[in-house]
Every structure is written in structure tokens, then in C-alpha cells.
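In what follows, a structure is listed as C-alpha cells, so that the remarks can point back to it.
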Amino acid sequence: MASTSRIRPGVGDHPARTRLVAAVAAAATVGAALGLRSVATGDVAKYGGDALYTVLVLALVVLVAPRVTPLKSAAVALAVSWGVEFLQLSGVPAELSRHSTAARLVLGSTFNAPDLFWYAVGAAAGWSVLSLRATRRPCSTADRS
């Protein structure tokens with residue numbers, strides 16, 4: 001009798017391939033964010049950028065830890081995004097942003113509560129994509145008779 005089991009995300013993939021896909025996804029996310037900023041303004045650009053920020057963090061999590069599950073990668077990305085947002089309450093990111101464009105892009109400068117929701121949207125979107133990718137992979141056959 002043949003038994004099949006679903007491959008856990010990341011398991012069964014070669015880590016180098018997963019990292020390559022994650023790196024391409026990170027670059028595409030940056031491109032999407034820059035594209036969004038070039039064609040949209042106001043809330044669409046701001047909150048779309050927030051969601052894409054978390055998608056980028058998620059891609060970087062998978063790049064560093066290619067065998068991480070979609071749920072864990074989304075949770076880590078959301079925690080990092082929320083952590084950065086709450087750090088803005090301290091004023092440290094605002095001070096660093098005055099001296100560095102890179103710090104302003106990565107850390108922001110001012111706490112904005114609605115950003116927390118949009119980070120969750122980005123984490124959910126990233127989780128959805130990773131989960132879809134995991135379920136589209138063929139099941140492995142552990143035992144063939």
C-alpha cells in the first residue's frame with residue numbers, strides 16, 4: 001500500500017533554490033514598492049508600502065531560513081514590522097532618519113497606528129502566497145509497492 005504525505009513548506013526543496021526564489025521575491029517586492037510610489041499617492045502609496053514592507057521582511061526571513069513554514073515566516077515578518085513601528089514611539093528612528101536615508105526607509109520616523117493593520121495585511125498576503133506554493137507541490141510517496 002502506498003502512503004503519501006504532504007511536503008512541509010521548505011522541506012523537500014533544495015535550500016539554495018528556496019533562497020534564490022526568496023531573493024527574487026525580495027527584489028520584486030522592492031520593485032513593486034518603488035512602482036507603487038511612482039504611480040500612486042496618499043493613502044494608497046503609504047499603506048500599500050506598509051504591506052509591501054512586511055512582504056519584503058517575509059521574503060528576507062525565508063532567504064535566511066529557507067525551511068521555515070509559511071505561518072512562522074509570516075509571524076516573524078509581522079513581529080519585526082510591528083516592532084519597528086512601536087520603536088518609533090521612542091524617537092530613536094526619527095533621530096536616525098534625520099541623518100540617513102537608509103534608516104528612514106527601514107525604520108520610518110513616526111508612529112502611526114493604522115500601519116499596524118497594513119503590516120498584518122502584508123503578512124497575510126505573504127502567508128497566502130507561501131501556503132499556495134506549498135500546497136501546489138506534489139505529495140511525496142514514502143512507500144511504493
Side-chain angles (χ1 to χ4, degrees), residues 1-40 43-90 92-94 96-97 99-145:
M1 175 181 234
S3 84
T4 59
S5 64
R6 204 162 274 293
I7 299 172
R8 200 177 84 192
V11 176
D13 265 355
H14 193 279
R17 181 178 183 279
T18 301
R19 283 190 170 107
L20 176 62
V21 171
V24 169
T29 302
V30 170
L34 293 173
L36 179 65
R37 290 293 247 187
S38 72
V39 299
D43 288 346
V44 171
K46 179 179 181 354
Y47 296 126
D50 289 343
L52 287 169
Y53 177 89
T54 303
V55 171
L56 174 62
V57 173
L58 188 147
L60 295 175
V61 167
V62 174
L63 182 66
V64 171
R67 295 187 187 271
V68 69
T69 65
L71 183 60
K72 285 182 184 176
S73 60
V76 169
L78 183 58
V80 168
S81 298
W82 281 357
V84 168
E85 190 68 29
F86 283 114
L87 182 63
Q88 292 170 357
L89 291 170
S90 73
V92 171
L96 293 172
S97 293
H99 304 290
S100 166
T101 301
R104 187 175 69 247
L105 291 171
V106 173
L107 300 175
S109 60
T110 308
F111 178 81
N112 185 30
D115 291 352
L116 300 171
F117 170 77
W118 291 103
Y119 295 140
V121 169
W127 170 81
S128 296
V129 169
L130 288 178
S131 295
L132 261 175
R133 181 176 176 266
T135 58
R136 291 183 138 206
R137 277 194 237 145
C139 294
S140 67
T141 303
D143 244 348
R144 288 208 170 166
S145 302

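Quick caveat, the model's predicted, so the values are computed rather than measured.
- A distance-only check finds no donor-acceptor pair linking the side chain of T29 to the backbone of L52 [under 3.5 Å].
- With rounding to the nearest 0.5 angstrom, the CG atom of L56 is 10.0 Å from the CG atom of L63.
- Closest heavy-atom contact between A26 and L60: CB-CD2, 4.2 Å.
- Residues R67 and P15 meet the side-chain proximity criterion, which asks for heavy atoms closer than 4.5 Å.
- Nearest approach of V64 to P66, heavy atoms of both residues: O-CD, 3.5 Å.
- Residues F86 and L89 are in side-chain contact: their nearest non-hydrogen atoms beyond the backbone lie under 4.5 Å apart.
- We find the CZ-NZ distance between R37 and K46 to be 8.0 Å, quoted to the nearest 0.5 Å.
- Taking the side chain as every heavy atom from C-beta outward, L58 and V129 never approach each other to under 4.5 Å.
- For the pair Y53 (side chain) and L105 (backbone), a donor-acceptor distance under 3.5 Å is absent.
- The two residues V62 and T18 make their nearest non-hydrogen contact at CG1-CG2, 3.8 Å.
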Atom pairs and distances, donor-acceptor, side-chain atoms in residues 118-125, under 3.5 Å, two or more places apart:
residue : atom : partner : partner atom : Å
Y119    : OH   : E85     : OE1          : 2.9

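- The structure places OG of S109 at 11.0 Å from CG of L96, a figure rounded to the nearest 0.5 Å.
- Side chain of S131 to main chain of S128: no donor-acceptor pair is present (N/O by atom type, distance under 3.5 Å, no hydrogens or angles).
- Taking the side chain as every heavy atom from C-beta outward, D50 and Y47 approach each other to under 4.5 Å.
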Show me the side-chain donor-acceptor pairs of residues 72-83 shorter than 3.5 Å, one per line, residues at least two apart or across chains.
residue : atom : partner : partner atom : Å
S73     : OG   : T69     : O            : 3.2
S73     : OG   : P70     : O            : 2.9
S81     : OG   : T54     : OG1          : 2.8
S81     : OG   : A77     : O            : 3.0
W82     : NE1  : L116    : O            : 2.9

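- With sequence neighbours left out, the side chain to side chain contact (heavy atoms under 4.5 Å, CB included) criterion links L87 to S90, P93.
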